[in-house]
Amino acid sequence: MKIIQRYLKSLPSFVVLLSSFILISCGGGGNNNGGNNGGGITNSSSAFSSFSINGAKGLVNQSAKTITVTLPSGTSVTSLIATFVTTGSSVAVGVTPQVSGVTANNFTSPVAYVITASDSTSSTYNVTVKVSSSSAKALTSYSIAGVAGTVNETAKTISVGLPSGTAVN
């Protein structure tokens, strides 16, 4: 019985200690959304995490702050809509706010995207869109050891008649 009474006397101190530990561990409800959390800490992050146009993924170079997107042959670049993810709080091209998957831009020349962080610092990414020169993928000629083969594009086959005794390995 004395053991139980001894533990009951120290129980309130234990509860206070445990509660203090839990509050300290929780950190008081910090803010992870990149905004000012009331403690004077601001988010100066302004980068693209991903960038694509018409489903073509852009190659993001974070150190050079450039993005290159290659689109199929024949794609018109005068009104393209980018889909992007950014760590910043806003994105603009010139004075036009950009909304991922919504805002169209003319990519006949590189386009400067300005990402602004919650602390008003910014980063500028130059986005270049390249259009492939041709979508043709046909094999038009083929030869082995100087002997021309026959290409059947429809059947996707090639035949080459080599002289008897030719090693084919």
Side-chain angles (χ1 to χ4, degrees), residues 21-146 148-158 160 168-169:
F21 176 75
I22 291 172
L23 286 173
I24 291 169
S25 296
C26 291
N31 181 349
N32 291 325
N33 68 1
N36 190 327
N37 65 6
I41 299 173
T42 58
N43 181 2
S44 62
S45 180
S46 55
F48 279 112
S49 302
S50 68
F51 191 97
S52 65
I53 296 175
N54 291 352
K57 186 176 179 182
L59 177 62
V60 180
N61 182 328
Q62 296 294 354
S63 59
K65 300 210 181 318
T66 60
I67 300 172
T68 304
V69 182
T70 303
L71 297 175
S73 175
T75 303
S76 172
V77 298
T78 58
S79 182
L80 296 173
I81 297 172
T83 302
F84 53 84
V85 175
T86 179
T87 59
S89 59
S90 67
V91 179
V93 170
V95 295
T96 306
Q98 300 294 295
V99 178
S100 178
V102 176
T103 315
N105 289 294
N106 182 342
F107 287 91
T108 53
S109 298
V111 175
Y113 278 75
V114 178
I115 306 170
T116 304
S118 62
D119 67 354
S120 298
T121 60
S122 64
S123 296
T124 301
Y125 283 75
N126 289 308
V127 179
T128 301
V129 171
K130 297 179 179 181
V131 177
S132 297
S133 59
S134 174
S135 61
K137 296 177 183 147
L139 189 60
T140 58
S141 67
Y142 187 86
S143 67
I144 295 177
T150 303
V151 178
N152 182 333
E153 183 60 33
T154 305
K156 304 291 186 215
T157 61
I158 300 171
V160 180
V168 293
N169 54 1

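Count residues from 1 along the sequence.
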| Taking the six-membered ring for Trp, are Tyr113 and Phe84 parallel (under 30°), tilted (30 to 60°) or perpendicular (over 60°)? |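 Rings of Tyr113 and Phe84: perpendicular, as their planes differ by over 60°.
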| query | Between Lys57 and Ser52, which heavy-atom pair has the shortest distance, and what is it? | reply |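 Closest pair (atom of Lys57, atom of Ser52, distance): CA-CB, 3.9 Å.
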| Test applied, side chain to side chain contact (heavy atoms under 4.5 Å, CB included); reference residue, Val60; option that passes from Thr68, Thr66, Ile67 |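 Going through Thr68, Thr66, Ile67 one by one, the side chain to side chain contact (heavy atoms under 4.5 Å, CB included) with Val60 is satisfied by Ile67 alone.
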| query | Would you find a donor on one side and an acceptor on the other, under 3.5 Å apart, between the side chain of Ser89 and the backbone of Thr116? | reply |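 Checking the backbone N and O of Thr116 against the side chain of Ser89, a donor-acceptor pair under 3.5 Å is found.
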| Residues which pass side-chain hydrogen bond (donor to acceptor under 3.5 Å, both in side chains) with Asn106, listed by chain and number, not counting sequence neighbours |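 Asn106 satisfies side-chain hydrogen bond (donor to acceptor under 3.5 Å, both in side chains) with Thr108 once adjacent residues are dropped.
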| field | Heavy-atom pair of closest approach, residues Ile81 and Gly101 | value |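 Heavy atoms of Ile81 and Gly101 come nearest at CG2-C, 3.3 Å.
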| field | Distance (rounded to the nearest 0.5 Å) between Phe51 CZ and Leu59 CG | value |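 CG of Leu59 is found 12.0 Å from CZ of Phe51.
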| request: List the atom of Ala47, the atom of Gln62, and the distance in Å for their closest heavy-atom pair. | output: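 Looks like CB-OE1, 3.7 Å.
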| request: Could you tell me which residues satisfy side-chain hydrogen bond (donor to acceptor under 3.5 Å, both in side chains) with Ser76, sequence neighbours excluded, listed by chain and number? | output: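 If we apply the side-chain hydrogen bond (donor to acceptor under 3.5 Å, both in side chains) test to Ser76, skipping adjacent residues, the hits are Thr78.
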| Any donor and acceptor pair, going by atom type alone, linking the side chain of Ser79 with main-chain N or O of Ala104 inside 3.5 Å? |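 No; judged by distance alone, with no hydrogens or angles, the pair does not exist.
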| query | How many angstroms lie between atom CG of Asn126 and atom OG of Ser109, to the nearest 0.5 angstrom? | reply |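 Atom-to-atom, Asn126:CG and Ser109:OG are 11.0 Å apart.
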| request: Indicate the atoms forming the closest heavy-atom contact of Ser123 with Ser46, along with that distance. | output: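 Answer, listing the atom of Ser123 first, then Ser46: OG-OG, 2.8 Å.
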| query | How many angstroms lie between atom CD1 of Ile115 and atom OG of Ser122, to the nearest 0.5 angstrom? | reply |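 The OG atom of Ser122 is 9.5 Å from CD1 of Ile115, to the nearest 0.5 Å.
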| message | To the nearest 0.5 Å, what is the distance between NZ on Lys130 and OG1 on Thr75? | response |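 Rounded to the nearest 0.5 Å, the NZ-OG1 separation comes to 15.0 Å.
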| Where do Thr70 and Ser132 land on the side-chain contact (heavy atoms from CB on, under 4.5 Å) test, with the steps shown first? | CA-CA 7 Å; Thr70 303; Ser132 297; 3.6 Å; yes
| said: Could you tell me if the side chain of Ile53 sits less than 4.5 Å from the side chain of Phe107, heavy atoms only? | reply: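 In contact.
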| request: Would you name the heavy atoms of Ala148 and Ser143 that are closest together and state the gap between them? | output: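 For Ala148 versus Ser143, the nearest heavy atoms are CA-CB, 3.9 Å.
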| said: Is it true that Asn61 and Ser63 share a donor-acceptor pair across their side chains at a distance under 3.5 Å? | reply: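 Yes.
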| Derivation and outcome, side-chain contact (heavy atoms from CB on, under 4.5 Å), residues Asn54 and Leu80 | CA-CA 8 Å; Asn54 291 352; Leu80 296 173; 3.6 Å; yes
| query | CZ/Phe48 to OG1/Thr87 distance, rounded to the nearest 0.5 angstrom? | reply |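 Phe48 CZ to Thr87 OG1: 9.5 Å, rounded to 0.5 Å.
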